[in-house]
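Encoded as structure tokens, the structure appears first; notes follow it.
Just so we're on the same page: letters track the sequence lines, and every chain starts at 1.
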There are 2 protein chains.
Amino acid sequence: MRTQRLFQLLDKLRAAKYPLAANALAESLNVSERTIYRDIKSLQQMGAPIRGESGLGYQIEKGYFLPPLHFNRDELDALVLGLRMLASQADPQLADAAASVQAKVAVSLPEHSQDALARTPLLAPPSQSEKAQSNRRYMQKIRHAIADRKKLIVTYKDISQAQTKRTLHPLGLAVFSDIWVLTCYCELRNSFRNFRLDRLLTVHTTEEKFSFEPSKEFHAFLKTVPNGNEQQK
Amino acid sequence: MRTQRLFQLLDKLRAAKYPLAANALAESLNVSERTIYRDIKSLQQMGAPIRGESGLGYQIEKGYFLPPLHFNRDELDALVLGLRMLASQADPQLADAAASVQAKVAVSLPEHSQDALARTPLLAPPSQSEKAQSNRRYMQKIRHAIADRKKLIVTYKDISQAQTKRTLHPLGLAVFSDIWVLTCYCELRNSFRNFRLDRLLTVHTTEEKFSFEPSKEFHAFLKTVPNGNEQQK
DNA sequence: TTTTACCCTGACAGAAACTGTCAGTAGTGT
DNA sequence: ACACTACTGACAGTTTCTGTCAGGGTAAAA
């Protein structure tokens with residue numbers, strides 16, 4: 001538990017460009033400042049080159065304990081543009097995560113590649129269109145419900161403008177350029193249903209978890225789709 | 001406390017030439033065997049390549065130094081979905097690169113995260129629409145020209161269906177959900193011009209390189225765009 | 001086949017470590 | 001002087017960790 005957090009702390013420090021203050025770290029790791037101070041001390045005692053400056057925050061000597069990752073130019077392009085495309089459409093939390101991935105990968109790269117990362121001339125400007133906004137609206141809630149296997153109660157406006165309210169097992173999300181579709185198992189109809197995120201009127205996460213039933217899982221749904229949509233292996 | 005011991009354990013395994021049995025490790029670290037089993041399990045979950053064989057003991061793959069990257073669930077989601085979104089629209093070479101990034105990251109991840117990667121229930125099915133196809137058509141050529149700073153000669157069909165042929169300095173690409181736009185400096189007009197990839201009729205890469213002129217570079221173009229499109233912080 | 005030498009797991013209660021809170025000191029830059 | 005931050009000690013409550021016990025496996029030697 002603590003060990004995990006120590007590694008997370010290291011990761012955050014490595015990824016950060018500027019000094020990080022204890023209170024910021026405390027918040028992002030969901031512990032008190034006091035604990036951060038204790039953790040930092042532990043890391044220092046274990047040899048990590050972390051220095052803290054009053055009024056500033058903590059910094060770690062760069063290059064400390066890094067895994068050797070080697071990406072060629074195409075791979076860097078793919079990584080950066082992929083993350084940018086995601087960030088341009090996803091909810092803020094996921095967009096932050098994308099930035100954090102890029103930061104973590106960046107520090108584990110040779111220096112000349114680090115510049116290349118940020119300067120990649122492949123952009124995906126954040127979309128502020130109405131559709132994009134409504135996609136984002138419940139995205140985070142839905143992602144979490146999928147991950148936690150919590151039932152959702154949603155009201156949905158279908159193509160004919162009719163509103164329906166259902167209890168669902170959220171299974172997965174699929175993106176078709178700018179249309180996001182939530183795949184669910186519908187309790188009422190006893191079958192798989194898909195919902196466009198921009199047509200969801202309300203989404204309520206229940207505390208009730210749905211249990212594992214092979215025939216009602218995402219992979220079962222995918223098998224019903226002719227064009228094997230499973231992305232690469 | 002425990003963290004310390006985990007490192008000691010790692011050290012002992014690395015230093016040992018022959019397999020070490022749990023009871024020997026227990027004695028040298030002054031804990032019970034049970035604790036050793038638990039510690040080993042923790043290390044394995046953190047990605048350490050330790051294998052235990054009945055009747056023998058534990059050995060670690062040599063050359064292993066440190067549990068490397070750590071991504072949380074959101075970060076893994078961002079990485080995977082970002083790469084999938086990219087792969088759904090990009091040219092085959094870039095799509096392959098995306099797969100390769102995922103593979104490289106996967107191997108540097110703790111065991112339990114590796115599964116999570118492939119099973120992420122966030123998809124972006126490859127788009128086979130006409131528009132997607134025409135986006136892909138010259139994408140690779142263009143990416144390389146941007147990277148190599150080689151002039152392009154293109155014929156383009158603009159909104160009014162008029163065809164034009166130009167010599168361009170390709171500077172960057174921008175993605176707006178399913179529309180890909182190539183930003184260029186146009187030699188003829190002496191200004192920046194944008195071209196939709198799906199409106200390009202022909203693209204020819206010349207061997208002539210364009211030289212560096214700050215006012216004709218991508219970052220100069222970006223400054224002319226009000227909505228600071230530079231991604232991430 | 002039996003024995004030996006190990007790996008590995010679950011349960012549980014007591015021990016130890018960790019944590020938040022509070023209260024206070026000290027350094028650094030504006 | 002003020003704002004902001006690193007740091008430390010003490011203490012009680014909570015969580016995690018540990019050892020013990022009681023099994024179940026596997027692979028090779030005897």
In whole angstroms, the gap separating P of C:dC8 from CG of B:Leu43 amounts to 13 Å

Short side-chain N/O contact to C:dC8 OP1/OP2 from B:Tyr37, under 4.0 Å: no

Would you say the side chain of A:Lys104 lies within less than 4.5 Å of the side chain of A:Arg14, judging by non-hydrogen atoms?
no

Worksheet item: Side chains of A:Phe195 and A:Thr183: closer than 4.5 Å at any heavy-atom pair?
Response: no

Testing D:dA6, D:dG19, C:dG20 for proximity to the side chain of B:Ser32, the answer is D:dG19

Closer than 4.0 Å, any side-chain N/O of A:Arg2 to the OP1 or OP2 of C:dC18?
yes

- Task: Check every strand shown and say whether A:Arg51 touches a base, only sugar-phosphate, or nothing at a heavy-atom separation below 4.0 Å.
- Result: nothing

- Message: When you measure from the side-chain N and O atoms of A:Arg38 to the phosphate of D:dC7, is any distance below 4.0 Å, counting only OP1 and OP2?
- Response: no

Per atom distances to the B:Met1 side chain, the nearest of D:dA6, C:dC7, C:dA17 is C:dA17

From CG of A:Leu25 across to P of D:dC7 the rounded distance in Å is 12 Å

In whole angstroms, the gap separating C1' of D:dC7 from CD1 of A:Ile40 amounts to 11 Å

Between B:Glu53 and A:Gly52, the residue closer to the 5' end of DNA chain D by nearest nucleotide is A:Gly52

Exercise. Could you tell me whether A:Asp39 and A:Arg2 make a salt bridge, using a distance below 4.0 angstrom between a side-chain N and a carboxylate O?
Key: yes

Atom CG of A:Asn30 and atom P of C:dC18 are separated, to the nearest Å, by 19 Å

Considering only heavy side-chain atoms of A:Lys41, the closest of C:dC6, D:dT18, D:dT8 is D:dT8

Contacts of A:Gly55 and A:Glu33 projected onto DNA chain C by closest heavy atom; the upstream (5') one is A:Glu33

To the nearest angstrom, the CD1-C1' distance between B:Ile36 and D:dG19 comes to 12 Å

A:Leu9 atom CG is separated from C:dT19 atom P, nearest whole Å, by 11 Å

CD1 of B:Ile50 to CD of B:Glu61, rounded to nearest 0.5 Å, is 10.5 Å

Note: for B:Thr3 and B:Leu56 on DNA chain C, the residue whose nearest nucleotide lies more 5' is B:Leu56

A:Gln44 atom CD is separated from D:dA6 atom P, nearest whole Å, by 12 Å

Any B:Arg34 side-chain N or O less than 4.0 Å from OP1/OP2 of D:dC21: no

**Asked** Within less than 4.0 Å of OP1 or OP2 of C:dG27, is there a side-chain N or O belonging to A:Ser54?
**Response** no

Rounded to whole Å, the OH-C1' distance (B:Tyr58 to D:dA27) equals 15 Å

Are any of the side-chain nitrogens in A:Glu187 or A:Arg166 under 4.0 Å away from the carboxylate oxygens of its partner? no

